[in-house]
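Encoded as structure tokens, the structure appears first; notes follow it.
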Amino acid sequence: VFTSESLRIGIGDDAAVLDLGATSKLVVTSDLLAEGVHFEAGTALPRVGHKALAVNLSDLAAMSARPLAAVVSLLLSDDTALQSAKAVVEGMQPLATRHQVAIAGGDTNSWSGRLVISVTALGCLAGRSPWTRNGAVPGDVILVTGSLGGSLGGKHLDFEPRVTEALRLAGDYEIHAAIDISDGLSLDLARMATASGCAAVLDLEAIPISDAARSLAPAPESKSALDRALSDGEDFELLLAVPREVAKTLKRAPPFELPLTEIGEFASGAGIWRRKPDGGRAALEVEGYEHL
Ligand SMILES: [Mg+2]
């Protein structure tokens with residue numbers, strides 16, 4: 001893989017970071033959604049458009065970058081191409097407007113297959129360092145925004161990427177590491193712990209479980225609500241490693257309405273653990289959505 005001197009962060013984090021002169025940095029991320037994989041055939045196209053932009057803004061938020069623009073490429077079914085393109089892009093507009101993201105271009109083509117959408121989002125860091133996955137240190141508190149699990153109930157399409165919260169936190173607080181939860185709390189936490197070279201210990205009873213996870217859970221063959229919160233994925237909440245003093249300040253004076261919950265801590269060693277009632281710890285099985 002060719003790299004250049006301006007590449008600060010390459011493959012392996014939520015987005016790439018490039019130097020633009022002495023103080024500015026460009027943050028770039030790209031996500032591809034395919035019908036039948038990331039959304040079901042028949043899903044309203046504006047919702048699909050919203051999701052395609054939102055997953056990218058979530059990755060920018062995980063780096064604490066301010067979104068600037070997105071380019072959108074669509075591979076559409078032959079018969080309804082123009083109509084579908086309009087519906088997808090219309091679905092992006094409210095989110096783009098809320099976060100001041102210019103839809104700056106892209107490409108469209110049609111073919112005989114299913115709908116495929118690729119969005120590349122560009123963000124900037126003015127004079128700040130990006131959040132990364134690898135900065136957690138033993139003793140850091142694990143914080144998570146919002147609530148987790150059951151996103152298949154609808155949140156995976158309609159979620160709000162945590163851009164506002166990320167910018168607020170990055171501007172005013174020391175945050176050691178961050179990731180957005182795309183593939184499940186336990187799996188994304190494991191990625192963060194591994195990248196940071198430390199262990200993570202979860203207080204399972206502290207994990208904020210979504211109403212959707214609770215309402216999906218009752219069927220006997222179904223996962224428990226807690227298991228859903230740990231492994232369903234597509235929550236697109238922020239998972240943060242924060243110095244204990246900073247976590248105390250955040251708890252005393254929350255900087256925004258969205259809940260920010262302490263769910264455990266990083267520790268020396270390796271692996272993902274759950275805190276036992278007696279104060280000891282037991283290994284936690286890491287589950288989630290594994291890509292290729
Ligand atoms: Mg991500």
Side-chain angles (χ1 to χ4, degrees), residues 7-18 25-34 37-39 50-68 70-71 92 95 99 101 117-125 129-136 142-149 151-152 155-167 169-170 175-196 200 229-242 258 260 263 272 286-292:
L7 186 71
R8 280 291 131 262
I9 296 172
I11 297 164
D13 216 302
D14 289 291
V17 179
L18 294 135
K25 292 184 179 68
L26 178 68
V27 183
V28 185
T29 182
S30 189
D31 258 292
L32 184 130
L33 301 190
V37 181
H38 303 93
F39 57 93
H50 170 88
K51 177 174 184 172
L53 180 58
V55 294
N56 281 279
L57 298 192
S58 183
D59 276 329
L60 290 184
M63 308 297 285
S64 77
R66 181 180 296 283
L68 292 173
V71 290
M92 295 179 179
L95 180 63
H99 297 295
V101 181
I117 305 176
S118 168
V119 176
T120 298
L122 312 172
C124 66
L125 289 158
S129 294
W131 290 346
T132 59
R133 297 178 178 187
N134 63 7
I142 306 169
L143 297 181
V144 69
T145 59
S147 62
L148 305 176
S151 68
L152 269 178
K155 187 184 179 188
H156 80 106
L157 286 167
D158 303 323
F159 71 94
E160 183 69 25
R162 301 310 185 190
V163 172
T164 308
E165 291 77 12
L167 292 176
L169 289 170
I175 306 293
H176 281 167
I179 191 170
D180 66 323
I181 303 178
S182 52
D183 300 332
L185 168 62
S186 65
L187 184 54
D188 286 319
L189 179 61
R191 288 177 176 142
M192 212 170 165
T194 302
S196 299
L230 283 166
S231 66
D232 272 359
E234 300 224 301
D235 297 298
F236 299 106
E237 296 294 348
L238 291 172
L239 187 62
L240 304 161
V242 179
L258 185 73
L260 191 57
I263 59 171
I272 304 299
V286 171
E287 267 187 273
Y289 184 81
E290 297 271 11
H291 300 261
L292 284 183

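Order of listing sets the numbers, starting from 1, for every ligand and every atom in it. The analysis underlying the following values was restricted to heavy atoms, covering all of them including side chains, and did not include hydrogens, waters or symmetry mates. Here, residue 1 is the first one in the sequence, and each next residue gets the next number.
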- Query: Looking at Glu234 and Lys155, does any basic side-chain N land under 4.0 Å from a carboxylate oxygen?
  - Reply: no
- Query: Can you list the protein N, O or S atoms less than 2.8 Å from the Mg ion (ligand 1)?
  - Reply: Asp14 OD1, Asp59 OD1, Asp180 OD1
- Message: Could you check whether any side-chain N or O of His50 sits under 3.5 Å from a backbone N or O of Phe159, counting only pairs where one atom can act as donor and the other as acceptor?
- Response: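 Confirmed, His50 side chain pairs with Phe159 backbone.
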- Query: Counting only N and O atoms by type, is there a donor-acceptor contact under 3.5 Å from the side chain of Ser118 to the main-chain atoms of Ser30?
  - Reply: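 No; zero donor-acceptor contacts below 3.5 Å.
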- Examine the side chains of Ser186 and Glu287 and answer whether a donor and an acceptor come within less than 3.5 Å of each other. no
- So, Asp180 and Ser182: side-chain donor and acceptor under 3.5 Å apart, yes or no? no
- Within a strict 4.5 Å, meaning less than it, do heavy atoms of the Asp31 and Val119 side chains meet? no
